A.B. asks: 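Below is one structure. I have some questions about it.
It should be emphasised that the depicted structure is a prediction, and the values quoted were computed from it without experimental measurement.
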Protein chains: 2
Amino acid sequence: MSLAHAILTALLEKPSSGLELTRRFDKSIGYFWPATHQQIYRELKKLEEAGHVHVLPARRPERGQKKEYEVLPAGRAELTAWASAGQDPRPVRDALLLRLRAAAVVGGHGLEDELRRHLALHRRQLEEYLAIEERDFAGDGRGDGRGDGGEERDAGEERGGDADARRLRHLVLRGGIGLESFWIAWLTEALEGLPDALRTA
Amino acid sequence: MSLAHAILTALLEKPSSGLELTRRFDKSIGYFWPATHQQIYRELKKLEEAGHVHVLPARRPERGQKKEYEVLPAGRAELTAWASAGQDPRPVRDALLLRLRAAAVVGGHGLEDELRRHLALHRRQLEEYLAIEERDFAGDGRGDGRGDGGEERDAGEERGGDADARRLRHLVLRGGIGLESFWIAWLTEALEGLPDALRTA
DNA sequence: GCCTCCATGTAACACGTTACATGATTCG
DNA sequence: CGAATCATGTAACGTGTTACATGGAGGC
């Protein structure tokens with residue numbers, strides 16, 4: 001039920017419509033829990049049925065009209081409980097590792113290009129994260145910062161924006177930075193040691 | 001369709017029944033693409049319908065009797081193509097990062113314990129990987145090794161067991177080691193900088 | 001009027017998770 | 001014979017993915 005809680009978090013930061021949520025996800029929470037608008041609509045409906053959110057009654061309940069959602073006390077309570085609950089990490093599922101494993105058995109030309117392509121993707125993502133860090137947490141030490149990863153800067157309210165919240169958001173961002181850095185290091189190592197049989201040229 | 005290809009890889013290394021595959025997954029391929037026996041049975045059925053594998057005709061097609069599967073040429077071709085194909089990395093989905101993000105908004109006592117618990121889990125996984133590396137790739141430099149992560153040592157055949165395959169399997173294992181090491185480092189950093197408001201004691 | 005964008009949604013499918021069902025074999 | 005274990009399988013559900021449908025508003 002992680003998506004529901006991701007939505008509650010985003011809605012607490014700022015009441016929004018479904019599409020607005022989708023766009024905000026794309027540049028913040030979606031970095032570590034992406035979602036399409038279909039998923040979000042589906043989940044908003046369930047959250048409403050559960051009494052965790054409701055539509056702001058600024059009239060207009062028709063199709064094609066914006067519906068602004070807001071978190072209800074029950075939703076906040078649910079999120080608070082979930083944030084502290086125990087939950088095992090998801091098992092790793094990485095197709096690239098799997099493909100290397102397959103290549104060990106059947107070979108695989110073109111793998112070098114694929115590794116380079118992934119390396120470029122991870123470098124781009126890392127740059128994006130670093131830019132956010134520079135913009136929102138400039139001058140902060142590790143584990144301390146302001147903002148969460150580039151979202152709602154325009155909103156300008158920062159109602160939960162005390163130092164602790166700031167530190168937590170920076171910590172999350174540093175998680176993303178560390179992950180991308182790991183993949184870049186691993187891919188670089190992989191490309192150095194790749195058997196000639198799997199090289200492209 | 002990664003699971004299907006994971007199964008093809010495992011079956012090429014050694015023809016097996018569904019349950020045998022499940023058990024082998026648990027200590028090798030399952031480290032980066034876990035699967036339950038239900039998933040594996042479902043997928044084996046599809047692979048058989050697609051003509052990628054077939055049941056060895058050592059009689060016994062009844063329920064409750066072992067069915068030994070083997071990869072057909074079409075299955076090997078499919079796997080070879082997949083191993084070289086392009087495929088974007090899956091987006092990250094990490095609930096712990098999400099919960100830290102939620103805690104930045106609604107708080108969350110008990111998070112410290114949860115971080116410590118995850119730290120312990122990742123340390124255990126790292127030790128498991130390192131033990132495998134020590135056992136199967138002892139003395140090898142980075143990116144070169146023998147074995148893939150602890151499986152089928154008993155099989156003793158290693159038909160694809162040339163130096164390249166060995167190196168690839170070691171590379172995959174080093175991926176796992178690197179990932180666990182990253183999480184350990186990040187969790188340690190997180191625990192150091194955790195706001196007092198989120199600590200358990 | 002038409003096209004584009006905004007916004008909400010439906011439908012169908014793929015895949016992972018969990019619980020349970022059923023037959024065969026072995027061991028006490 | 002009963003219980004445990006091996007082995008295969010069904011069923012139901014949650015969630016992620018992809019494609020498409022519908023209506024309103026603004027611009028040309």
A.B. asks: Distance check needed: dC6(C) P versus Asp26(A) CG, whole Å only.
C.D. replies: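 For the pair Asp26(A) CG and dC6(C) P, the rounded distance is 13 Å.
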
A.B. asks: Taking OP1 and OP2 of dT18(D), is either one under 4.0 Å from a side-chain nitrogen or oxygen of Thr36(A)?
C.D. replies: no

A.B. asks: Can you find a side-chain donor-acceptor pair between Tyr31(B) and Glu128(B) that sits under 3.5 Å?
C.D. replies: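 On atom types as modelled, these side chains qualify, holding a pair under 3.5 Å.
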
A.B. asks: Measure the distance from NE2 on His37(A) to C1' on dA19(D) and round it to the nearest whole Å.
C.D. replies: 10 Å

A.B. asks: Report which part of the nucleic acid Arg42(B) touches: base, sugar-phosphate, or nothing (heavy-atom distance under 4.0 Å, all strands).
C.D. replies: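 It contacts base atoms.
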
A.B. asks: How would you label the contact of Arg90(B) with the nucleic acid (heavy atoms, under 4.0 Å): base, sugar-phosphate, or nothing?
C.D. replies: nothing

A.B. asks: Enumerate the residue pairs fulfilling side chain to side chain donor-acceptor pair (under 3.5 Å) with a member in residues 71-91 of chain B, sequence neighbours excluded, ordered by first and then second residue.
C.D. replies: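 For residues 71-91 of chain B: Arg117(A)-Asp88(B), His5(B)-Glu78(B).
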
A.B. asks: I need the CZ-P distance between Arg24(B) and dC6(D), as an integer number of Å.
C.D. replies: 18 Å

A.B. asks: May I have the distance from Leu44(B) (atom CG) to dT8(D) (atom P), rounded to whole angstrom?
C.D. replies: 9 Å

A.B. asks: Between dC6(C), dG16(D), dG9(C), spot the one nearest the side chain of Tyr41(A), thanks.
C.D. replies: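 Within the option list, the nearest is dG9(C).
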
A.B. asks: Measure from CD on Gln38(B) to C1' on dC20(C) and round the result to the nearest Å.
C.D. replies: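 Atom CD in Gln38(B) sits about 10 Å away from atom C1' in dC20(C).
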
A.B. asks: Please determine whether a side-chain nitrogen or oxygen atom of Lys46(A) lies at a distance below 4.0 Å from atom OP1 or OP2 of dG14(D).
C.D. replies: no

A.B. asks: Check whether any side-chain N or O of Arg23(B) sits under 4.0 Å from OP1 or OP2 of dA7(D), and answer yes or no.
C.D. replies: yes

A.B. asks: Send over the distance from Leu21(A) CG to dA7(C) P, rounded to a whole Å.
C.D. replies: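 The answer, rounded to whole Å, is 12 Å.
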
A.B. asks: Taking the nucleotide of DNA chain D with the nearest heavy atom to each, does Gly18(B) or Leu3(A) sit closer to the 5' end?
C.D. replies: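 By nearest-heavy-atom nucleotide position, the 5'-most residue is Gly18(B).
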
A.B. asks: What residues form a salt bridge (Lys or Arg N to Asp or Glu O under 4.0 Å) with Glu133(A), not counting sequence neighbours?
C.D. replies: Arg174(A)

A.B. asks: Under 3.5 Å, is there a donor on one side chain and an acceptor on the other for Ser2(A) and Arg93(B)?
C.D. replies: no

A.B. asks: Of Lys45(A) and Gln39(B), whose closest DNA chain C nucleotide lies nearer the 5' terminus?
C.D. replies: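 In this pair, the answer is Lys45(A).
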
A.B. asks: Rounding to an integer number of Å, can you tell me how far Tyr69(A) OH sits from dA7(C) P?
C.D. replies: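 One finds 14 Å between P of dA7(C) and OH of Tyr69(A), rounded.
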
A.B. asks: Just checking His109(A): does its NE2 atom have more than 12 heavy atoms from other residues, nucleotides or ligands closer to it than 6.0 angstrom?
C.D. replies: no

A.B. asks: If I take atom CG in residue Asp88(B) and atom P in nucleotide dG16(D), what distance separates them, rounded to the nearest angstrom?
C.D. replies: 19 Å

A.B. asks: Strictly below 4.0 Å: does Lys66(B) bring a side-chain N or O up to OP1 or OP2 of dA24(C)?
C.D. replies: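 Looking at the OP1 and OP2 atoms of dA24(C), neither is under 4.0 Å from any side-chain N or O of Lys66(B).
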
